[in-house]
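Accompanying notes for the structure given below.
Letters A, B, ... mirror the listed sequences (proteins, then strands); counts begin at 1.
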Amino acid sequence: MRDMIDQYLRDLDAALVGSARRRRRIEAEVRDHLLCAVEAGMSGGEHRTVAIDHALAAFGTVDQVATGFTRHAARAGVQLTSLLTLVASVIYALAFALSTQLPTAPLGQLFSSALAQAAGWFAVQLVLVCAVMGCVEAWANRADEDRTAARLALQARFAGVALLASSISIGLALAGGAGRSSMLLALVVLALAAAGGLSLGSARRQLSALLRLRPEENQNVLAYDDVAAVLRLLTNRMTESPLLGMTPRRLSLEAPALRRVRAALSPQTRPWRFCAAVASAAGGGVAIEHLVAEGAANVIALAAVSAILTGMEAAAVVLCYALLGGRLGLRPRPRSLT
Amino acid sequence: MEAEALKGHLDGLLLAVLADGPAHGYAVIRGLETKSDGVFSLTEGTVYPALHRLEKRGLLRSKWSSAAGRRRRVYALTGRGDRAVAEARGEWQAFSAAIDTVWRTACAT
């Protein structure tokens, strides 16, 4: 009849997350508990089969027990891995920035191709945004048992795309004729991307466990809502500060206006308007950067360059939105017809 | 009593049981049941995550021992755990006195 206890322990082991050492410890503790309970039942006059049934019933179902262990481990894991991802992301961003700014470095210039640089910067921006958001979310919900795991899963998805983009960037650089001496630099950047990937993989494992526990939260969470949640958190923190409280309070008074702007530029209801706004902002920023760097010698040329840059940004935004919008939570997935 | 009713108090109760001395998980659960005259009868498997959590917070320490030919994890309070028990006891006494006062007032009216 110990088979029933062994089967229970096998099921529990399959439902747990964490290291093998941790699972072995839990298995030993639970086995000892169940055997103690069976012995107590039998010494009270119960038949062995009945005692085992009572011991298992009192201990709880595998799901109940695994949920308790997994929730604690997953929350701790998410906090740690969020921090690790942020550290790896900052180092990665610095390494990438350095690799593009050292044309006379003895190793040679890895990201000399414009396309490789564009993909690399795209990756850097995504990596940093999702790493910062992940850390803020994990920190803000550190005491919350019912934190929304789906939001962290969304950020992990962003980071996955960023790592893919960084690999493409390095691939493009090497395919575009980056010198053999650049291989070392490529290896460094790849190692950093892999470090981020490892911490990300760990976070994903924890998140999957959380999502398994609360499948109702595995919904169509949107990145836009995630940004809004982080902004709300930061605003609340600032409002608590007597020195910085004025601006957020004023902002909160203008909340209806902000809501109107949000409705007008919502990626869910006005996707193309949203794309146009992002493209204009990005193109405008690049044009201003160009103006600062090159000066305003010729207004017509500047206008033409600005228009071209804005157009390029618009094309990139629309392309990203079309290809990755659903995956990155920028637009809802199509509803099921069933 | 339902586990939901104990939410927020379980950690303090486990520490209080372990204030009597080191014990393994099964003994902690039986101790809780005995000390509460059978009122606190939890789903036993949910107590172990709480014990692990308290150990992680540095309020408990644990080590393996051997009993009846099998491995057994024995938990004991740390110095911080001792202080936490004293704090939790003080807070609970103040809280329950306040609740008691409210109920006595309600009964009197």
Side-chain angles (χ1 to χ4, degrees), chain A residues 2 5-6 8-9 11-13 15-19 21-44 54-77 79-80 142-146 209 213, chain B residues 1-14 17-18 22-34 36 38-76 84:
Chain A
R2 275 182 72 156
I5 291 179
D6 287 337
Y8 182 90
L9 292 171
D11 293 344
L12 181 61
D13 185 63
L16 289 171
V17 294
S19 65
R21 185 178 168 211
R22 179 172 177 273
R23 294 204 309 274
R24 276 200 304 274
R25 172 181 166 176
I26 292 170
E27 192 256 349
E29 281 193 272
V30 174
R31 182 184 292 280
D32 179 49
H33 178 104
L34 292 174
L35 292 178
C36 280
V38 171
E39 286 162 9
M42 289 175 69
S43 66
H54 283 169
L56 291 175
F59 200 74
T61 64
V62 165
D63 278 351
Q64 278 177 317
V65 179
T67 298
F69 279 116
T70 304
R71 182 170 291 176
H72 169 58
R75 272 180 47 216
Q79 285 174 20
L80 179 64
R142 64 194 182 283
D144 184 2
E145 287 284 341
D146 298 321
L213 296 177
Chain B
M1 182 174 279
E2 293 292 325
E4 190 63 26
L6 278 180
K7 206 172 180 181
H9 302 295
L10 181 61
D11 289 4
L13 291 171
L14 294 177
V17 171
L18 283 163
H24 63 290
Y26 182 79
V28 170
I29 293 164
R30 292 286 84 85
L32 186 61
E33 198 176 309
T34 308
S36 67
V39 175
F40 296 159
S41 184
L42 299 165
T43 304
E44 297 171 357
T46 59
V47 170
Y48 285 89
L51 290 170
H52 286 212
R53 190 172 60 240
L54 290 168
E55 188 180 359
K56 192 99 177 170
R57 286 170 56 194
L59 302 177
L60 295 181
R61 63 172 177 273
S62 69
K63 63 179 180 186
W64 288 112
S65 70
S66 184
R70 57 181 185 258
R71 296 168 80 208
R72 172 168 288 174
R73 195 79 178 176
V74 176
Y75 294 87

Less than 4.0 Å between a side-chain N and a carboxylate O, is that true for [Y] and [X]?
X: Glu27(A); Y: Arg31(A); result: yes
X: Arg30(B); Y: Glu44(B); result: yes
X: Arg24(A); Y: Asp13(A); result: no

Task: Contact class of Ile29(B) relative to chain A, heavy atoms under 4.5 angstrom - done: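 Just the side chain, heavy atoms under 4.5 Å.
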Open item on the list: Can you tell me which portion of Ala57(A) sits under 4.5 Å from chain B's heavy atoms? Options are side chain, backbone, both or neither.
Closed with: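 Neither part; nothing is under 4.5 Å.
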- [ ] Please determine, among His24(B), His52(B), Arg70(B), the option with the most heavy-atom pairs under 4.5 Å with chain A.
- [x]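 Ranked by heavy-atom pairs under 4.5 Å with chain A, first place is Arg70(B).
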TODO: Would you name the heavy atoms of Leu12(A) and Ala66(A) that are closest together and state the gap between them?
DONE: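 Closest approach of Leu12(A) to Ala66(A): CD1-N, 4.0 Å.
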